[in-house]
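If you're wondering where the values come from, they're calculated on a predicted model, not measured in any experiment.
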Amino acid sequence: VDGGDCARRAGDAMNVPVDTGVTHKVVFLEQNWALDRDVDYLVFVGVDGGGTATNCLVWVVDAEKHAAGAFDLDTGIGVAATARCMTGAANANSAGMDKAVANVTTAIGLAVEKVFESFNEDVDTKYRPQAAAAGLFQLGQVNLPYGPDETAASGRKRKNAPPQRTARFRLAGVTLGLAGCDSAASAELWRDRLLLDEAGILSDTLVVDSDAVIALARATKGKARGGAVIIAGTGTVAFAVSHDGKSKARTQGFGPAFNDVGSGHWLGSKVLECTARALDGRLPHNIFEGIANGNMFEGITNGYLNDAEKIVARAALKHIGITTSVTTTEGDAVDMFEYQCVKARENCREDIIKWAYKDGPSPAWDKVASLAPILFARWGKERTRFYVDRILNEAARGLASALYNAIERVTRKGTNEFTVALVGGTLTYDVYRAKVIEHVKTLFEGGVNSVTFYDDPCSGKGVDVGGPSAGAVEMSVRSFEAYVAQNPGQNVFRDLA
């Protein structure tokens, strides 16, 4: 991260109101407060805003240990507290700007409040967490005295009273990595919405970038160069940066209207396509592949995929809330896919069309993407594995080719090794992740470029302190350090009246 581009002194306010109407989940992950001395804390905020969810991670770092280099975000050394808050979608292109901003600001506000709630549980600061967070946001720093008051009610100093301590919290860095924020214009639009003069917060540094950049930052210790990333959540994008940081390339990421192959929306669309065919009773279109090649047996075999489509369709309708069970005139309960229940299928057809279009001319992106896990669940099943495998291979090849193209576009002379991160909700499924890795390795085999896959050290530890939001925190740390280097001798902390 170039501190010259992103460093900002307190003076511009960033509006971060908590919207009580936003669905959220706040988690406090760990704490290790220093209570035996006056202490200064640096607060770093990282936001990963995707097409389905926003994930805000807050790290509170002991300023003394940070200055001495005695801290590590992955191991927790020098980290006093960590909190996380999850809210809804932050892609302004799909959710709308107002909703996206509300989700981001609420995630930041509640995560910071959770930090102060933890501190208040360990010591009596006499401050409400909400008031402490408001002070941090509005002033960029809040000083919290804690411990027993040395002065008695008579005004005399108590004998043998332990000294009262003060903890100073400084908002050192905020980084937002947002899906759909792929240009300087979109980043500026977000700043215009966040940097308001009223009820705002002050941060020493602010970075607004895409979700691909923070994911890459996580894999490269905050440098965000010499690597590449595939994000496959609701949408998908491949992003690569040369080792010198001068060349960047992005492939896919156009959105559902452009059929970005391999995204959750693309996979969910395949499920809907399959459901429509099953409701109509149509045979899969690839039945003609064998017939056209003069292989009638292959055509007949492909025809049996119709059974797999019924199974996938049944799961999709159940997910949506539409039953496939109907009652015959004799009073028997039957499945409409197993019998010629024409009227039931027509009713189901109307129900799924209403589901798809009730919010507008096209279904919400995250609603379609929510169907993707059906394919991962059916991959290992005997009657659907062959059918699902075809879809997942096509999707994985699409992601692999997008990554290959992005890396090729930033390649310089000679052999280059790129660190590659695979992130996003769909890539948490082992079968899909393995297929993408397999196809990526095939494309790069024997070429001038090589890839090393990044394995997040915090994954599988039971505490969710890793991922792209941790990359955003690391970018906040780096941008703050760049700011300090540009202002030597300046004391970051200040006394407040």
Side-chain angles (χ1 to χ4, degrees), residues 1-3 5 46 48 72-75 175 177 182 207 209-233 236-253 260-262 393 395-424 426-428 430-460 466-475 477-479 481-482:
V1 178
D2 185 350
D5 290 338
D48 173 23
D72 185 277
L73 297 182
D74 289 337
T75 62
T175 295
D182 300 325
V207 179
D209 217 316
S210 75
D211 55 344
V213 171
I214 63 168
L216 182 56
R218 176 60 179 163
T220 55
K221 293 293 183 181
K223 294 184 297 183
R225 59 180 61 184
V229 60
I230 296 175
I231 295 180
T236 183
V237 66
F239 178 70
V241 182
S242 62
H243 288 76
D244 59 10
K246 295 180 179 179
S247 297
K248 300 177 182 180
R250 187 186 315 272
T251 55
Q252 296 215 104
D260 285 332
V261 179
N393 275 324
R397 284 192 291 266
L399 296 183
S401 62
L403 176 75
Y404 181 83
N405 180 256
I407 289 178
E408 288 294 299
R409 285 166 56 186
V410 300
T411 296
R412 294 292 178 264
K413 293 181 179 179
T415 301
N416 294 276
E417 181 173 338
F418 287 83
T419 299
V420 173
L422 305 180
V423 299
T426 64
L427 292 171
T428 61
D430 291 341
V431 57
Y432 195 36
R433 187 180 184 88
K435 285 182 176 294
V436 172
I437 290 175
E438 175 189 352
H439 289 300
V440 169
K441 287 181 176 179
T442 298
L443 288 178
F444 283 95
E445 186 176 3
V448 296
N449 294 318
S450 60
V451 294
T452 301
F453 291 95
Y454 172 73
D455 184 22
D456 196 316
C458 290
S459 62
S469 57
V473 171
E474 289 169 323
M475 288 178 66
V477 173
R478 283 185 172 265
S479 60
E481 291 171 346

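Under the 4.5 Å side-chain criterion, counting only non-hydrogen atoms from C-beta, K435 is in contact with N393. At least one side-chain heavy atom of R478 sits under 4.5 Å from a side-chain heavy atom of K223. D211 is listed as a side-chain neighbour of D48, based on a closest heavy-atom distance under 4.5 Å. For the pair F453/K441, a side-chain contact is recorded, criterion being any heavy-atom separation below 4.5 Å from C-beta on. Taking 4.5 Å as the limit, every side-chain heavy atom of V423 sits out of range of all side-chain heavy atoms of R218. Between V451 and I407 the shortest side-chain heavy-atom distance falls below 4.5 Å. Counting only heavy atoms from C-beta outward, the side chains of Q252 and L399 approach each other to under 4.5 Å. Residues Y404 and V440 fail the side-chain proximity criterion, which asks for heavy atoms closer than 4.5 Å.
Separation of atoms OH (Y454) and CG (L216) is listed at 11.0 Å; rounding is to 0.5 Å. Once rounded to the nearest 0.5 Å, the distance linking OH of Y432 with CG of L422 reads 10.5 Å. To the nearest 0.5 Å, the span separating OG1 on T419 from NZ on K221 amounts to 11.5 Å. A distance of 10.5 Å separates OG1 of T251 from CZ of F239, quoted to the nearest 0.5 Å. Note that the CZ atom of R250 and the CG atom of N405 stand 13.0 Å from one another [nearest 0.5 Å].
Within the 3.5 Å criterion, the main-chain N or O of A395 finds no donor-acceptor partner in the side chain of H439.
Tested against V436, the residues V420, I230, T426 include a single side-chain contact (heavy atoms from CB on, under 4.5 Å) partner, I230.
Looking at every heavy atom in both residues, S242 comes nearest to R225 through O-CB, 3.5 Å. Minimum interatomic distance between V410 and A240 (heavy atoms only, all atoms of both residues): CG1-O, 3.8 Å.
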